[in-house]
Amino acid sequence: MSLHIEAKKGDIAETVLLPGDPLRAKWIAETFLENTVCYNKIRGMLGYTGTYNGRRISVQGTGMGIPSAMIYCHELIKDYQVKNLIRVGSAGAFQPDLRLLDIVIAMSASTNSGLNRITFKDADFAPTASFDLLLKAVDYAKEKGIDFKAGNVLSSDIFYDDDPDYYKKWAAHGVLCAEMETAGIYTLAAKFGVNALSILTISDSLVNGEEISAEMREKKLGEMVEIALNLD
Ligand SMILES: O=P(O)(O)O[C@H]1O[C@H](CO)[C@@H](O)[C@H]1O
Ligand SMILES: O=c1cc[nH]c(=O)[nH]1
């Protein structure tokens, strides 16, 4: 047992899917996994282990934002020996050609968080995906004819920015979309020598204001989950 996860040693698989929303974790476990056991209810941050095509896999809610996600990922790596961290999240589009429910695979994550300034002072660390997981995700999506974009995303500390045009400077540098955890997860994975990848689904657009409902964000993001479950 760790401070925020009540699982026993061995209860959590080497590969863990990481939605921000704990109810998306429940939906993934109930929809895609067999022989499922719930191993965590502390703070309502649900975690499950089951099997997918005979392979053991876990799914753990992380909450919203880098600090919360880093708490869960730190404990998963250090206390439960997790080797593959695969975020399955929602994101807001920065580019006009990204539409609702499109898939984005995060090669790297820019951030306005100070997380790496604490370590690297006035130099910038570049949080980067595991090349191995990235390649597997791209290969699987291509094989199944699933459209996706791969590139840089923004892990923002601010969901409600005062400036509705804030995204334009990021968009002008090719950043695809905003979410709130990937830079922290990629940084921890690099620090501890494990693998991480974020697969995201567009839930809204900062360009034109369109958005899907909260219920769809919980239960309708299955394509990215399918990719995440097939990275072995
Ligand atoms: O849908 P999830 O995975 O929570 O991801 C996105 O949604 C939340 C904000 O609504 C943030 O956690 C952001 O990263
Ligand atoms: O962090 C997020 C997630 C979804 N949509 C956004 O605009 N931001």
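Atoms within a ligand are numbered from 1 in the order they appear, just like the ligands themselves.
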Polar atom proximity, G89 to ligand 1 (N or O, under 3.5 Å)
no

Sub-4.5 Å side-chain heavy-atom contact between I146 and E226
yes

For atom 2 (C) of ligand 2, closest protein heavy-atom neighbour
A178 O, 3.5 Å

Counting from 1 in the order shown, the ligand 2 atoms closer than 4.0 Å to a non-hydrogen atom of A91 are 3 (C), 4 (C), 5 (N)

Yes or no on side chain to side chain donor-acceptor pair (under 3.5 Å) for S90 and R217, after CA distance, side-chain angles and deciding distance?
CA-CA 7 Å; S90 61; R217 285 174 81 181; 2.8 Å; yes

Should you measure from each heavy atom of R24, which atoms of ligand 1 turn up under 4.0 Å away?
1 (O), 2 (P), 3 (O)

Of M64, R87, E218, E181, the one whose closest heavy atom lies nearest atom 3 (O) of ligand 1 is R87

If the cut-off is 4.0 Å to any non-hydrogen atom of L206, which atoms of ligand 2 fall inside it?
7 (O)

Using side-chain heavy atoms (C-beta onward) and a distance below 4.5 Å, is V82 in contact with V194?
no

Identify, by atom number and element, the atoms of ligand 1 in contact range of E179, meaning under 4.0 Å from any of its heavy atoms.
14 (O)

If the condition is ring pair (Phe, Tyr, Trp, His ring centres under 6.0 Å), which residues does F148 pass it with, not counting sequence neighbours?
none

Quick check: G20 and ligand 1, any N/O pair under 3.5 Å apart?
yes

Do Y52 and N230 have a side chain donor and acceptor closer than 3.5 Å?
yes

At what distance is the nearest protein heavy atom to atom 7 (O) of ligand 1, and which residue and atom is it?
R217 NH2, 2.8 Å

Would you mind running through ligand 2 and noting each atom that sits below 4.0 Å from a heavy atom of M180?
1 (O)

What I want to check is whether the side chains of N116 and T187 have a donor and an acceptor closer together than 3.5 Å.
yes

Under a single-linkage definition using a 4.5 Å side-chain heavy-atom cutoff for Ile, Leu, Val, Met, Phe, Trp and Tyr, are I5 and I77 assigned to the same hydrophobic cluster?
yes

Check ligand 2 against G92 and write out every atom of the ligand that is under 4.0 Å from a heavy-atom position of the residue.
4 (C), 5 (N), 6 (C), 7 (O)

Which residue from G20, S205, S90, S155 reaches closest to atom 3 (C) of ligand 2 through any of its heavy atoms?
S90

Around atom 7 (O) of ligand 2, find the nearest protein heavy atom and jot down its residue, atom name and distance.
D204 OD2, 3.0 Å

Check side chain to side chain contact (heavy atoms under 4.5 Å, CB included) between H74 and all other residues, then give those that pass, not counting sequence neighbours.
K78, L188, F192

Judging by distance only, is a nitrogen or oxygen of R217 under 3.5 angstrom from one on ligand 2?
no

Is ligand 2 less than 4.0 angstrom away from at least one heavy atom of E181?
no

Angle between ring planes, F120 versus F125, binned at 30° and 60°: parallel, tilted or perpendicular?
parallel

If you apply the rule side chain to side chain donor-acceptor pair (under 3.5 Å), what do you find for T111 with S155, and how did you get there?
CA-CA 5 Å; T111 188; S155 298; 5.3 Å; no

If you measure every N/O of F159 against every N/O of ligand 2, is any gap under 3.5 Å?
no

